[in-house]
S.K.: 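Dropping a structure here in structure tokens format, bear with me for questions.
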Amino acid sequence: MRRVHLSDLNLAARVLMPVPVHQRSDAIKRLITYAHAADKFRKRMGRVHPKWGAGRLSDVCLPTPMAKGSEGCDVQYLLCLAQVSYALAMKNSDM
């Protein structure tokens, strides 16, 4: 997966928000897995993955239903943002 930026975190958190709480862990793992697979595809094939993009987390998130952005950070958004950050930190600690 390519380097993660703040926009990736924002989109991933917004994707998680409409997901039931007990399914969010699996949902973020799936997004990360797809972004990683797309990055490998891009490197090997020399083109972006037709469904998952160029290996950025945002590429996987954009076509996925998500909560609308708000002007502030409510509790649910912050919880989802924390869950995304934690999943990425755990993925990077495995490397």
Side-chain angles (χ1 to χ4, degrees):
M1 183 169 69
R2 297 176 88 167
R3 177 175 284 175
V4 176
H5 297 276
L6 291 174
S7 58
D8 297 297
L9 296 175
N10 174 54
L11 290 173
R14 289 176 47 208
V15 166
L16 285 189
M17 287 177 72
V19 175
V21 174
H22 66 279
Q23 294 176 1
R24 287 178 179 170
S25 180
D26 289 338
I28 189 58
K29 287 177 187 172
R30 194 169 32 257
L31 292 173
I32 292 169
T33 298
Y34 292 166
H36 184 68
D39 192 35
K40 288 177 115 178
F41 180 91
R42 178 187 61 86
K43 288 175 181 176
R44 186 170 6 141
M45 304 302 283
R47 58 188 169 95
V48 300
H49 188 279
K51 187 173 181 180
W52 300 326
R56 288 181 290 273
L57 191 55
S58 58
D59 293 339
V60 177
C61 292
L62 283 172
T64 307
M66 67 180 74
K68 291 185 179 185
S70 64
E71 292 184 21
C73 298
D74 65 13
V75 173
Q76 284 304 311
Y77 175 81
L78 290 172
L79 289 171
C80 290
L81 188 60
Q83 193 162 9
V84 170
S85 299
Y86 181 78
L88 289 167
M90 291 298 97
K91 177 199 170 292
N92 288 333
S93 71
D94 291 341
M95 297 178 120

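These values consider heavy atoms only, across backbone and side chains, with no hydrogens, waters or symmetry-generated copies.
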S.K.: Count I, L, V, M, F, W, Y as connected when their side-chain heavy atoms are under 4.5 Å apart, and connections chain through other members. Are Ile32 and Met90 then in the same cluster?
M.R.: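 They do not share one cluster, since no chain of ILVMFWY contacts under 4.5 Å joins Ile32 to Met90.
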S.K.: Hydrophobic side-chain clustering at under 4.5 Å (ILVMFWY, transitive links): who's grouped with Val75? Put none if nobody.
M.R.: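 Other cluster members: Leu79.
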S.K.: Show the nearest heavy-atom pair for residues Cys73 and Leu78, with the distance to one decimal.
M.R.: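 Here Cys73 and Leu78 meet closest at CB-CD2, 3.7 Å.
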S.K.: Of all residues at least two apart in sequence or in a different chain, which pass the salt bridge (Lys or Arg N to Asp or Glu O under 4.0 Å) check with Asp8?
M.R.: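 Partners of Asp8 under the salt bridge (Lys or Arg N to Asp or Glu O under 4.0 Å) test: none.
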S.K.: Examine Leu6 and Leu62 and state if one hydrophobic cluster contains both, with Ile, Leu, Val, Met, Phe, Trp and Tyr joined whenever side-chain heavy atoms are less than 4.5 Å apart.
M.R.: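 Same cluster.
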S.K.: Minimum heavy-atom separation for Leu16 and Ala27, please, with both atom names.
M.R.: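 In this case the closest contact between Leu16 and Ala27 is CD2-CB, 3.7 Å.
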S.K.: Do any N or O atoms from the side chain of His49 and from the backbone of Phe41 form a donor-acceptor pair under 3.5 angstrom?
M.R.: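 No; zero donor-acceptor contacts below 3.5 Å.
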S.K.: Would you say Asp74 and Met17 make side-chain contact, with heavy atoms under 4.5 Å?
M.R.: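 When only atoms from C-beta onward are counted, Met17 and Asp74 do touch, with a gap below 4.5 Å.
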S.K.: Parallel under 30°, tilted from 30 to 60°, perpendicular over 60°: which one fits the rings of Trp52 and Tyr34?
M.R.: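 Trp52 vs Tyr34 ring planes: parallel.
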S.K.: About how many Å separate OG of Ser85 and CD1 of Ile28, when rounded to the nearest 0.5 Å?
M.R.: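 Taking CD1 in Ile28 and OG in Ser85, the distance rounds to 9.0 Å.
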S.K.: Please give me the minimum heavy-atom distance between Pro18 and Ala67, naming the atom from each residue.
M.R.: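 Looks like CD-N, 3.9 Å.
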S.K.: With Arg42, which residues qualify under salt bridge (Lys or Arg N to Asp or Glu O under 4.0 Å), at least two apart?
M.R.: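 Arg42 satisfies salt bridge (Lys or Arg N to Asp or Glu O under 4.0 Å) with Asp39 only.
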S.K.: Listed by chain and number, what are the side-chain hydrogen bond (donor to acceptor under 3.5 Å, both in side chains) partners of Arg24, not counting sequence neighbours?
M.R.: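 Here the qualifying residues are Gln76.
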S.K.: Would a single hydrophobic cluster contain both Tyr86 and Val15, if residues Ile, Leu, Val, Met, Phe, Trp and Tyr are joined by side-chain heavy-atom contacts under 4.5 Å?
M.R.: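 In one cluster with Val15: Tyr86, no.
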S.K.: Where is the tightest heavy-atom contact between Val4 and Leu9, given as atom of each residue plus distance?
M.R.: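 Distance-wise, the nearest heavy atoms are CG1-CD2, 3.9 Å.
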S.K.: Going through the distances and angles, do Lys91 and Lys29 end up as a side chain to side chain contact (heavy atoms under 4.5 Å, CB included)?
M.R.: CA-CA 9 Å; Lys91 177 199 170 292; Lys29 287 177 187 172; over 6 Å; no
S.K.: Measure from the side-chain N and O atoms of His5 to the backbone N and O of Ser7, and report whether any donor-acceptor pair falls under 3.5 Å.
M.R.: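 No, because the side chain of His5 does not come within donor-acceptor range (under 3.5 Å) of the backbone of Ser7.
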S.K.: Which pairs pass salt bridge (Lys or Arg N to Asp or Glu O under 4.0 Å) with one or both residues in residues 55-68, sequence neighbours excluded?
M.R.: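 Residue pairs with at least one partner in residues 55-68: Arg56-Asp59.
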S.K.: Return the CE to CZ distance between Met66 and Arg14, rounded to the nearest 0.5 Å.
M.R.: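 So the CE of Met66 and the CZ of Arg14 are separated by 5.5 Å.
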S.K.: If I take atom OG1 from residue Thr64 and atom CG from residue Leu11, how far apart are they, to the nearest 0.5 angstrom?
M.R.: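 If I round to the nearest 0.5 Å, the distance is 9.5 Å.
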S.K.: For a quick test of reading the model, state the closest non-hydrogen atom pair linking Ala54 to Arg2 and the distance between them.
M.R.: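 Distance-wise, the nearest heavy atoms are O-CD, 3.1 Å.
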S.K.: Of all heavy-atom pairs between Ser25 and Gln83, which one has the smallest distance, and what is that distance?
M.R.: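 Scanning both residues completely, I find the closest heavy atoms to be N-NE2, 3.4 Å.
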S.K.: Could you tell me which residues satisfy side chain to side chain contact (heavy atoms under 4.5 Å, CB included) with Ala13, sequence neighbours excluded, listed by chain and number?
M.R.: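 With neighbours one apart ignored, the set is Tyr77, Cys80, Leu81.
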